[in-house]
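Some notes on the structure that comes next.
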Amino acid sequence: MPYTLSKHFLIALMSASLLLVAGCSVPRTKPASVTDRTGGSTEPTPPGYYRVKKGDTLARIALDHGQAPRDVVQWNKAANPSFNPNVIEVGDLIMIKAPAGTKPARVADKKSDAPVQAQATAPEPVKAEAVAEPGIRLSWPAKGKVTGEFSETNKGIDIAGKVGEPVLAASDGKVVYAGNSLRGYGNLVIVKHDNTYLTAYAHNSKLLVKEGDAVRKGQKIAEMGDTDATAAKLHFELRVNGKPVNPMPYLQ
């Protein structure tokens, strides 16, 4: 009898040992917690600033916030003399609103030949020549069929045409950008109409205006092309406070 009990006890002990070893060899079903450190800075972005993300360019940042690239450069250089617009890094803070006390730039000056006369009484408020008032009406920037509708990804409309056909300013304004540093836009012209509205004209073959030029509604500002595009067309955008909106309701 003692031998039988010892045998049973030994078998039980060996079974428990095997279970313990097996339990230790079972793989984990829940992975260890991993912290994602690729999300960038967790610090809040101050009002009036933008925090640079991967793939950003200064021109793109300015366009997306309805500002002239030159203004953005000037504001940031005034705040930081060592600011280099050609070298911006992920996480950098870029000022995208005019500093307090900065006078808004005049969009388009009209010269008058009439002599200036002194006024003895207080003058009536002079209505500024608003080149783009709320409810702005735009003229068509090119002739052709609309082949690309406005969408969240397209951000404007595409007008088909031929290389060399005229591209016209949709309203009076000031050229705040003329170049090709925005990827996907090719040779691009941006016209600012006031502190609310700006229009963009992309994929041109030739630019006929330069930054700082005042333009009139219907003025030829470029020639249609296919730069950064698969076919000749004009990509036309309307931005309201930097936000792309469907230009179709504004065109007449």
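We count residues from 1, following the sequence as given.
- I94 and I190 fall into different hydrophobic clusters, where Ile, Leu, Val, Met, Phe, Trp and Tyr are joined by side-chain heavy atoms under 4.5 Å apart, directly or via other members.
- In this structure, S139 and L251 approach most closely via the heavy-atom pair O-CD2, 3.5 Å.
- No close placement of the Y185 and H203 rings is indicated, their centers lying 6.0 Å or farther apart.
- At least one side-chain heavy atom of F150 sits less than 4.5 Å from a side-chain heavy atom of P244.
- No side-chain donor-acceptor contact under 3.5 Å links T196 to the backbone of V240.
- A donor-acceptor contact shorter than 3.5 Å is absent between the side chain of D226 and the backbone of A229.
- Proximity of I157 to H235: side-chain heavy atoms (C-beta onward) are nowhere separated by under 4.5 Å.
- Residues T227 and G186 come closest through the heavy atom pair OG1-CA, 3.4 Å.
- A donor-acceptor pair shorter than 3.5 Å cannot be found between the side chains of D64 and Y50.
- A salt bridge does not link E165 to K143: none of the charged nitrogens lies less than 4.0 Å from a carboxylate oxygen.
- Around NZ of K97, the count of heavy atoms belonging to other residues, nucleotides or ligands within 6.0 Å does not exceed 12.
- Shown here for A62 and V72, the closest heavy-atom pair between the two residues is CB-CG2, 3.9 Å.
- Shortest non-hydrogen contact noted between L138 and S171 is CD2-CB, 3.9 Å.
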*Would you please test L188 and N180 for side-chain contact (heavy atoms from CB on, under 4.5 Å) and show each step?*
CA-CA 6 Å; L188 172 70; N180 57 6; over 6 Å; no
_What verdict does the side-chain contact (heavy atoms from CB on, under 4.5 Å) test give for N204 and I221, after you've listed the backbone C-alpha separation in whole Å, the side-chain angles of each residue and the deciding distance to 0.1 Å?_
CA-CA 10 Å; N204 304 289; I221 59 175; over 6 Å; no
_Run the side-chain contact (heavy atoms from CB on, under 4.5 Å) test on N187 and K206 for me, step by step, so that the C-alpha distance in whole Å, both residues' side-chain angles and the decisive distance to 0.1 Å come before the verdict._
CA-CA 7 Å; N187 293 327; K206 185 178 181 180; over 6 Å; no
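- In E89, the CD atom is not crowded: 12 or fewer heavy atoms of neighbouring residues, nucleotides or ligands sit closer than 6.0 Å.
- Taking 4.5 Å as the limit, some side-chain heavy atom of P46 sits within range of a side-chain heavy atom of L93.
- Hydrophobic cluster membership is shared by V146 and V167, with clusters built from Ile, Leu, Val, Met, Phe, Trp and Tyr side chains linked at under 4.5 angstrom.
- At a threshold of 4.5 Å between side-chain heavy atoms, the hydrophobic network of Ile, Leu, Val, Met, Phe, Trp and Tyr places L182 and L234 in two separate groups.
- N154 contributes a side-chain N or O that, together with a main-chain N or O of E149, makes up a donor-acceptor pair within less than 3.5 Å.
- A donor-acceptor pair is defined here as one N or O able to donate and one able to accept, closer than 3.5 Å; no such pair exists between the side chain of D92 and the backbone of I88.
- Side-chain contact between T199 and H193 is present, with heavy atoms from C-beta onward closer than 4.5 Å.
- Salt-bridge annotation for R216 and D172: present, with a side-chain N of the basic residue lying under 4.0 Å from a carboxylate O of the acidic one.
- The two residues L168 and K220 have their closest heavy-atom pair at CD2-CA, 3.7 Å.
- Of the possible polar contacts, one joining the Y201 side chain to the A170 backbone as a donor-acceptor pair under 3.5 Å is found.
- Inter-residue side-chain proximity for V191 and L198 is flagged as unmet; no heavy-atom pair is nearer than 4.5 Å.
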*Test salt bridge (Lys or Arg N to Asp or Glu O under 4.0 Å) on D213 and K210 and set out the steps.*
CA-CA 6 Å; D213 286 353; K210 63 183 182 302; 3.2 Å; yes
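- In plain terms, the two heavy atoms of P85 and V73 that are nearest each other are CB-CG2, 3.8 Å.
- Q67 places a side-chain N or O within donor-acceptor distance of the main-chain N or O of I96, the cut-off being under 3.5 Å.
- When hydrophobic clusters are built by joining Ile, Leu, Val, Met, Phe, Trp and Tyr residues whose side-chain heavy atoms come closer than 4.5 Å, directly or via intermediates, Y177 is not grouped with L208.
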